[in-house]
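Remarks on the structure that follows.
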Number of protein chains: 2
Amino acid sequence: MGKASQPRQLDPAAICRSSDPLAVRELLTKIGDKWTIFVVLSLDLLGGRARFSELERAVPGISQRMLSSTLKNLERDGMVIREMFAEVPPRVEYEMTDLGRSLLRPTQGLVDWAKENWQQVREAQSSYDER
Amino acid sequence: MGKASQPRQLDPAAICRSSDPLAVRELLTKIGDKWTIFVVLSLDLLGGRARFSELERAVPGISQRMLSSTLKNLERDGMVIREMFAEVPPRVEYEMTDLGRSLLRPTQGLVDWAKENWQQVREAQSSYDER
DNA sequence: TCAGTTGCTTACGTTGAGGTAAGTTATGGG
DNA sequence: CCCATAACTTACCTCAACGTAAGCAACTGA
C-alpha cells in the first residue's frame with residue numbers, strides 16, 4: 001500500500017454534491033430553527049402525544065403562531081400526526097410518528113455531545129473574544 | 001406502584017429551561033446554518049487541514065464572504081484553528097481541533113439517519129402537499 | 001345576551017442571514 | 001509600471017424568519 005491518504009486527488013467538491021450531505025443540510029436546517037428541537041423534545045417528554053395547549057405550556061416563550069407553524073412543518077415532514085376532534089372548544093392532539101421517534105436517537109447523540117462539550121465551546125469563545 | 005407514567009404532573013416546561021437542551025438548541029442553530037456542515041465535512045475529507053482556497057473549491061456555491069465568516073465562527077467555537085504564514089501571496093491553513101473532530105461522531109449519526117430516512121420524509125411531504 | 005374556551009390565522013413590523021460585487025494588501029514577475 | 005495572486009473585508013441589497021397583537025369560529029353555560 002502507498003500513502004495513507006491522498007484525498008486531494010479526488011474531486012474535492014464531491015461530498016457537497018452527493019445527495020446524502022444535501023439531505024443532512026436540509027435536515028439540519030429544519031431542526032436547526034428556533035423552536036423545532038424544543039417542540040420535539042417536549043412532545044417526547046409528554047409521552048409522545050399532547051394537545052396544542054400542552055405544548056404551548058411546555059415550551060416557554062413560544063407564540064401560538066410559531067408553535068402552529070412548527071407543528072405544521074413537523075406534520076408535513078411526517079414526524080407528527082395531527083388529530084382533531086369535533087368538539088367545542090376544539091381539541092387537537094399531536095402524536096409522534098415512528099419516523100419522528102427514530103430521529104430522537106441521533107438527536108440524543110447531539111444532546112450528549114452538548115452535555116459533555118458545551119463548556120469547552122464556551123471557554124473557546126471567551127478566549128477568542130478577549131483578544 | 002400506580003400508573004406507568006404521569007409526566008403531566010411534572011413541570012412540563014422543565015426540559016426547555018434546563019441548560020442541556022438550551023445548549024443543544026444553540027448547537028443546532030450553529031451547525032444548522034447554510035454552510036457550516038459542508039465546511040466541516042469538507043475539511044474532514046481534506047484530511048482535517050486545508051487552505052482557504054481548497055475549501056472554497058471543496059464547497060461549491062459558497063462565497064468568500066460566507067466561507068470567511070463560517071470559518072471565523074468555527075474558530076471562535078474552538079472547532080478549528082487558523083494558521084497564517086507570512087508569505088506573498090498569503091497562505092492560511094485551517095485545521096480541525098479535537099473538539100471539532102469529536103463533533104463529527106454525533107454528526108455522522110445524523111448523516112446516517114438522513115441516509116436511511118430522507119426518502120420517507122420526501123414521501124411524507126409529497127402526500128401532504130397533494131391534499 | 002354575552003363572556004369564556006381552544007386552536008388557530010392574519011396583518012404588520014423588525015432583524016439578521018445570506019447573496020453579489022467590488023475594494024484591499026503586499027510582493028514577485030514580466 | 002502594472003498585473004496576478006491569496007485571502008480577505010466592505011458596502012449594499014433582498015428575503016425569510018421571527019415577534020407581537022389582534023381577529024375568528026363555534027358552541028356552552030351563566
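Protein chains get the first letters and strands the later ones, always in sequence-line order, with residue 1 at the start of each.
At most 12 non-hydrogen atoms from other residues, nucleotides or ligands lie less than 6.0 angstrom from CZ of Arg105(A).
Near DNA chain C, meaning a heavy atom under 4.0 Å from it, residues 16-42 of chain B has Asp33(B), Lys34(B), Trp35(B) in order of number.
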Footprint string (nucleotides 20-30 of chain C, 5' to 3'): B base within contact, S backbone only, - free, heavy atoms under 4.0 Å: B-----BB---
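For the pair Ile62(A) CD1 and dC18(D) C1', the computed distance is 11 Å after rounding to whole Å. dA7(D) atom P lies 7 Å from atom CZ of Phe52(B), rounded to whole Å. In this structure, Glu54(B) places its CD atom 12 Å from C1' of dA6(D), rounding to the nearest Å. Rounded to whole Å, atom P of dG19(C) lies 12 Å from atom CG of Leu67(B). To the nearest angstrom, C1' of dA6(D) lies 14 Å from CE of Met84(B). Regarding Glu75(A), its CD atom lies at a distance of 14 Å from the C1' atom of dG7(C), rounded to whole Å. Counting to the nearest Å, the C1' atom of dT5(C) and the CD atom of Glu56(A) are 13 Å from each other.
The closest side-chain donor-acceptor pair between Ser126(A) and Asp129(A), if any, does not fall under 3.5 angstrom.
Nearest approach of Glu56(A) to Leu67(A), heavy atoms of both residues: N-CD2, 3.6 Å. Among all heavy-atom pairs drawn from Asp77(B) and Leu99(B), the shortest one is O-CD2, 3.6 Å. Pro12(B) and Leu45(A) make their closest contact through O-CD2, 4.4 Å (heavy atoms, listed as atom of the first residue, atom of the second, distance).
Taking hydrophobic clusters as Ile, Leu, Val, Met, Phe, Trp and Tyr residues chained together by side-chain heavy-atom distances below 4.5 Å, Met84(B) does not share a cluster with Val88(B).
A sub-4.0 Å separation between OP1 or OP2 of dG7(C) and a side-chain N or O of Ser53(A) is present.
Looking at the side chain of Ser68(B), the nearest of the listed nucleotides dA6(D), dT9(D), dT6(C) is dT9(D).
Residue-level contact check: Phe85(B) touches neither bases nor backbone, having no heavy atom under 4.0 Å from any strand.
Met96(B) has its side chain within reach of Leu104(B): a pair of non-hydrogen atoms, C-beta onward, lies under 4.5 Å apart. Taking the side chain as every heavy atom from C-beta outward, Glu93(B) and Phe52(B) never approach each other to under 4.5 Å.
Among Ile31(A), Asp44(A), Ile62(A), Asn73(A), the single residue meeting the side chain to side chain contact (heavy atoms under 4.5 Å, CB included) criterion with Val39(A) is Ile62(A).
From Cys16(B), atom SG reaches atom CZ of Arg57(A) across 13.5 Å, with rounding to the nearest 0.5 Å.
Consecutive pairing runs in DNA chain C reach the stem threshold at C:1-30 with D:1-30, where a stem means at least three Watson-Crick or G-U wobble pairs with distances under 3.5 Å.
Remark: Arg49(B) engages Glu83(B) in a salt bridge, criterion side-chain N to carboxylate O under 4.0 Å.
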